[in-house]
Amino acid sequence: MFNVTGILKRLVIGRALRSEELHAALLPKRLALPIFASDPLSSVAYATQEILLVLTLGGLAYLHFTPWIAAAVVALMAVVVLSYRQVVHAYPSGGGSFEVVSTNLGPSTGLVVAASLLVDYVMTVAVSVASGVDNIISAVPRLAEYRVPLALVFVALLTAVNLRGLRESGRAFAAPTYLFIGGVLVMVVTGLIRYALGDPPVADSARYGITPDPGDAHLTGLALTMLVLRAFSSGCTALTGVEAISNGVPAFRKPKSKNAAATLVAMGTLAIVMFVGVTALALIAKVRITSDACRLTGLPGDCASYTQRTVIAQIAAAVFGGEHSVGFYVIQAATALVLILAANTAFNGFPLLASILAQHRYLPHQLHNRGDRLAFSNGILALAVVAGLLLWGFRASVTSLIHLYILGVFTSFTLSQLGMVRHWNRELRVERDGALRRRHQVARVINAVGSVVTGLVLVIVLATKFTQGAWLAVLAAVVLWAMMRGIRRHYDTTAAELAVTDPKIELRPPSRVFGLVLVSTLHKPTLRALAYAHALKPDRLEALTVSMDRDAATELERRWEEYAIDVPLKILDSPYREVTRPVMEYVRSVRRESPRDVVAVFIPEYVVGHWWENLLHNQSALWLKSRLLFTPGVMVISVPWQLSSSARADHPPARAPGSVRRGEPQGDQRGPVGVRGR
């Protein structure tokens with residue numbers, strides 16, 4: 001019979017790769033860029049819009065702050081990129097911000113960064129997919145009722161592609177990412193050339209005015225400063241995902257640090273150029289956009305039914321000649337694709353960071369294991385499940401999810417740059433070369449400035465978004481931080497308990513072995529268990545059954561004598577029809593009589609070929625085993641009996657990682673040991 005599950009698995013994720021093939025799965029820079037940088041590059045699609053949405057709360061009067069805010073965002077991005085470039089060279093193991101902070105500010109602070117980043121990666125998937133679905137629904141409104149299923153389908157597709165490995169996901173996502181980069185750059189260049197030639201593009205919304213929000217009209221002093229700072233913090237969404245490359249250094253081809261640093265610089269340069277270009281064109285084209293369409297003045301129809309186009313859509317229409325031009329459709333399609341694919345940054349950053357945390361015993365060890373395609377499959381699946389639950393719980397609403405976003409990444413930025421300041425302080429204490437000291441001092445200044453600025457942004461974001469839902473992200477990070485500390489404490493306690501202290505004492509064999517074969521009825525599995533127990537030659541061997549029916553127990557005794565089995569049969573009465581309690585009490589009584597003896601309990605079990613057959617067999621044995629395993633000095637030995645259905649079940653392929661080549665069960669031609677012929 002065909003193994004349907006195995007066939008589907010191979011169709012979805014491909015053939016299993018040997019561990020020796022890991023080097024072939026490493027990434028060249030051209031594939032690493034779309035894999036690790038799709039999030040910061042895609043933020044160009046909405047970063048300028050976020051700035052304008054905040055500034056237009058005060059009407060058109062405050063739009064003149066846009067260039068200055070954009071310049072501040074660009075400066076901050078340059079500082080962050082330079083900082084992480086230093087991180088990549090100083091800490092090439094892939095720990096990124098977590099390793100920097102743990103090394104320089106302590107493990108507990110490092111866990112703050114790790115928890116914040118893990119939460120932010122989950123939010124990246126949720127927000128990016130929800131935003132992409134919004135763009136699709138804008139083009140095809142009748143899909144609105146399928147918002148959540150569409151979002152979950154995209155998460156499933158991203159999961160499947162990433163399970164195929166880094167190179168596979170890089171090939172799949174390279175074309176849309178490069179299409180978006182190329183499309184935006186062509187749009188920017190075309191728009192600026194038109195502006196230089198005296199034919200500037202003009203957005204359709206340029207003819208509208210904007211009524212100030214009542215609470216934000218005629219702002220001065222502190223209130224105006226807060227509005228500008230809010231706009232700046234909203235524009236800082238352009239920085240999300242910048243740290244992913246520093247976490248993914250091990251995935252690069254050699255020389256890893258050099259290639260990762262070059263990719264980081266390429267990503268920063270492209271993001272800055274596109275962001276500046278889009279912002280400049282938004283101002284040139286006089287794009288108008290507000291949080292509420294009814295604040296636009298001069299609309300020809302009902303404001304409640306008016307749908308505002310995104311900033312990048314308005315620019316594309318203005319530059320390429322209208323909303324029906326080829327260029328407009330290319331930009332819209334590329335934007336929708338790249339917004340969904342922005343989640344791929346998290347699908348690579350989250351598993352890598354989770355693997356490093358698992359290696360440091362802060363997360364379950366399973367997250368450090370590679371799957372069939374040498375990707376960190378468990379981390380990918382964990383991210384997909386949590387992000388899917390978020391999308392389902394928040395109905396894939398960008399408005400609801402966006403308030404939980406970017407807190408984690410600025411926590412990471414602030415603490416990692418503070419950690420790098422301490423790193424340079426330590427280097428300067430031992431460095432004697434004058435040129436290197438000057439280089440370290442410049443780096444320290446960059447990191448110090450970056451830490452102050454990103455810390456300010458973090459405070460602003462937290463203050464403005466906390467009551468709107470950001471408290472959920474903070475709570476999730478706190479819970480995750482506590483959970484990781486608990487996991488580490490458990491692993492440390494377990495390691496201490498298992499550590500060898502005195503090999504002579506711990507290698508000392510037990511005084512005697514008392515074999516105990518559990519019997520429910522006299523059949524072939526029971527005889528096999530008796531034969532196996534005999535073969536191990538315990539010092540004492542006994543069969544044990546629990547009597548819930550006196551007649552059945554009498555019949556078992558009769559057949560035991562009829563077959564002349566030379567193993568004494570012990571019958572325990574159970575007036576309340578329990579199996580587990582009488583067996584446990586008997587085993588404990590044996591242990592009390594001879595504490596240095598080991599009790600080896602042999603349990604006959606059926607091996608079946610279908611999942612539903614497990615529901616029909618072995619339930620008492622499983623429960624009893626679970627209780628016996630908690631009893632000191634007791635060894636539990638399962639003696640399998642393969643039913644005919646198990647012979648028809650397919651076995652895992654020999655090359656599958658972790659599989660064991662298994663043969664068909666062989667009968668014992670000599671007959672069970674311990675059964676005398678008559």
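Hydrogens, waters and symmetry mates are skipped; everything else that's a heavy atom, side chains included, is used.
- Side-chain N or O atoms of Arg528 include one that pairs as donor or acceptor with a backbone N or O of Pro640 at under 3.5 Å.
- Shown here for Pro351 and Ile380, the closest heavy-atom pair between the two residues is CG-CG1, 3.6 Å.
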Discussion item. Checking Val598 against Met635 for the side-chain contact (heavy atoms from CB on, under 4.5 Å) test, could you report, in this order, the C-alpha distance in whole Å, the side-chain angles of both residues, the deciding distance, and whether it holds?
Written reply: CA-CA 7 Å; Val598 167; Met635 308 298 153; 3.6 Å; yes

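- To the nearest 0.5 Å, the span separating CG on Asn259 from CD1 on Ile245 amounts to 11.0 Å.
- Shown here are the ring pair (Phe, Tyr, Trp, His ring centres under 6.0 Å) partners of Tyr121, two or more places apart in sequence or in another chain: there are none.
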Discussion item. side-chain contact (heavy atoms from CB on, under 4.5 Å) for Tyr84 and Ser97? Distances and angles first, verdict last.
Written reply: CA-CA 8 Å; Tyr84 275 104; Ser97 299; 2.6 Å; yes

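- Listed by first and then second residue, the side chain to side chain donor-acceptor pair (under 3.5 Å) pairs that reach into residues 540-549 are Glu542-Tyr586, sequence neighbours excluded.
- Closest non-hydrogen pair, Val579 versus Met548, comes out as CG2-CE, 3.8 Å.
- Taking the side chain as every heavy atom from C-beta outward, Val583 and Val587 approach each other to under 4.5 Å.
- Atom CZ of residue Arg485 and atom CG of residue Asp492 lie 10.5 Å apart, to the nearest 0.5 angstrom.
- With sequence neighbours left out, the ring pair (Phe, Tyr, Trp, His ring centres under 6.0 Å) criterion links Phe350 to no other residue.
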Kindly list each side-chain donor-acceptor pair under 3.5 angstrom involving residues 513-524, sequence neighbours excluded, with atom names and distances?
unit_1, atom_1, unit_2, atom_2, d
His523, ND1, Thr526, N, 3.4
His523, ND1, Thr526, OG1, 3.1
His523, NE2, Tyr606, OH, 3.3

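- By the ring pair (Phe, Tyr, Trp, His ring centres under 6.0 Å) test, His368 pairs with no residue at all, sequence neighbours left out.
- By the ring pair (Phe, Tyr, Trp, His ring centres under 6.0 Å) test, His365 is found to be paired with Tyr491, residues two or more places apart in sequence or in another chain being considered.
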Item to complete: Could you go through the side-chain contact (heavy atoms from CB on, under 4.5 Å) check for Thr554 and Arg550 one step at a time?
Response: CA-CA 6 Å; Thr554 302; Arg550 190 63 247 177; 3.8 Å; yes

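- Between Glu562 and Arg559, no side-chain nitrogen of the basic residue sits less than 4.0 Å from a carboxylate oxygen of the acidic one, so the salt-bridge criterion is not met.
- You'll find the side chain of Val125 reaches within 4.5 Å of the side chain of Leu383, heavy atoms only.
- With values rounded to the nearest 0.5 angstrom, Thr411 atom OG1 is found 4.5 Å from Leu458 atom CG.
- Considering all non-hydrogen atoms of both residues, Gln366 and Asn378 come closest at O-ND2, 2.8 Å.
- Counting heavy atoms from C-beta on, the side chains of Val599 and Leu628 never come closer than 4.5 Å.
- Ion pairing between a basic and an acidic side chain is recognised when a charged N comes within 4.0 Å of a carboxylate O; Lys570 and Glu557 show no such pairing.
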Discussion item. Using the rule given for side-chain contact (heavy atoms from CB on, under 4.5 Å), can you reason through Met123 versus Leu390, listing the C-alpha separation, both sets of side-chain angles and the distance that settles it, and then say yes or no?
Written reply: CA-CA 8 Å; Met123 294 311 307; Leu390 264 180; 3.6 Å; yes

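- Of the possible polar contacts, none joining the Arg627 side chain to the Met584 backbone as a donor-acceptor pair under 3.5 Å is found.
- Between the side chain of Ser102 and the backbone N or O of Phe98, at least one donor-acceptor pair lies under 3.5 Å.
- For the 3.5 Å distance criterion, the side chains of Thr103 and Arg422 fail to qualify, holding no donor opposite an acceptor.
- Judged purely by atom type and a 3.5 angstrom limit, Asn162 uses its side chain to pair as donor or acceptor with the backbone of Leu158.
- The side-chain heavy atoms of Val639 and Pro525, taken from C-beta on, include no pair separated by under 4.5 Å.
- Between Phe413 and Phe410, the ring-plane angle classifies as perpendicular under the 30° and 60° cut-offs.
- In Arg581, the CZ atom is not crowded: 12 or fewer heavy atoms of neighbouring residues, nucleotides or ligands sit closer than 6.0 Å.
- Between atom OG of residue Ser116 and atom CG of residue Leu480 there is a gap of 9.0 Å, rounded to the nearest 0.5 Å.
- Distance check: Asn104 CG to Leu418 CG gives 9.0 Å after rounding to the nearest 0.5 Å.
- Checked for salt-bridge contact, Arg591 and Asp597 miss the test: no charged N lies under 4.0 Å from a carboxylate O.
- Of the charged side-chain nitrogens involved, at least one lies within less than 4.0 Å of a carboxylate oxygen, so that Arg558 and Glu555 count as a salt-bridged pair.
- We find the CG-CD distance between Leu569 and Glu561 to be 9.5 Å, quoted to the nearest 0.5 Å.
- More than 12 heavy atoms of other residues, nucleotides or ligands sit less than 6.0 Å from atom CH2 of Trp641.
- Judged by distance alone, the side chain of Trp560 and the main-chain N or O of Val567 form a donor-acceptor pair under 3.5 Å.
- Contact check for Tyr362 versus Ile356: no side-chain heavy atoms found under the 4.5 Å cut-off.
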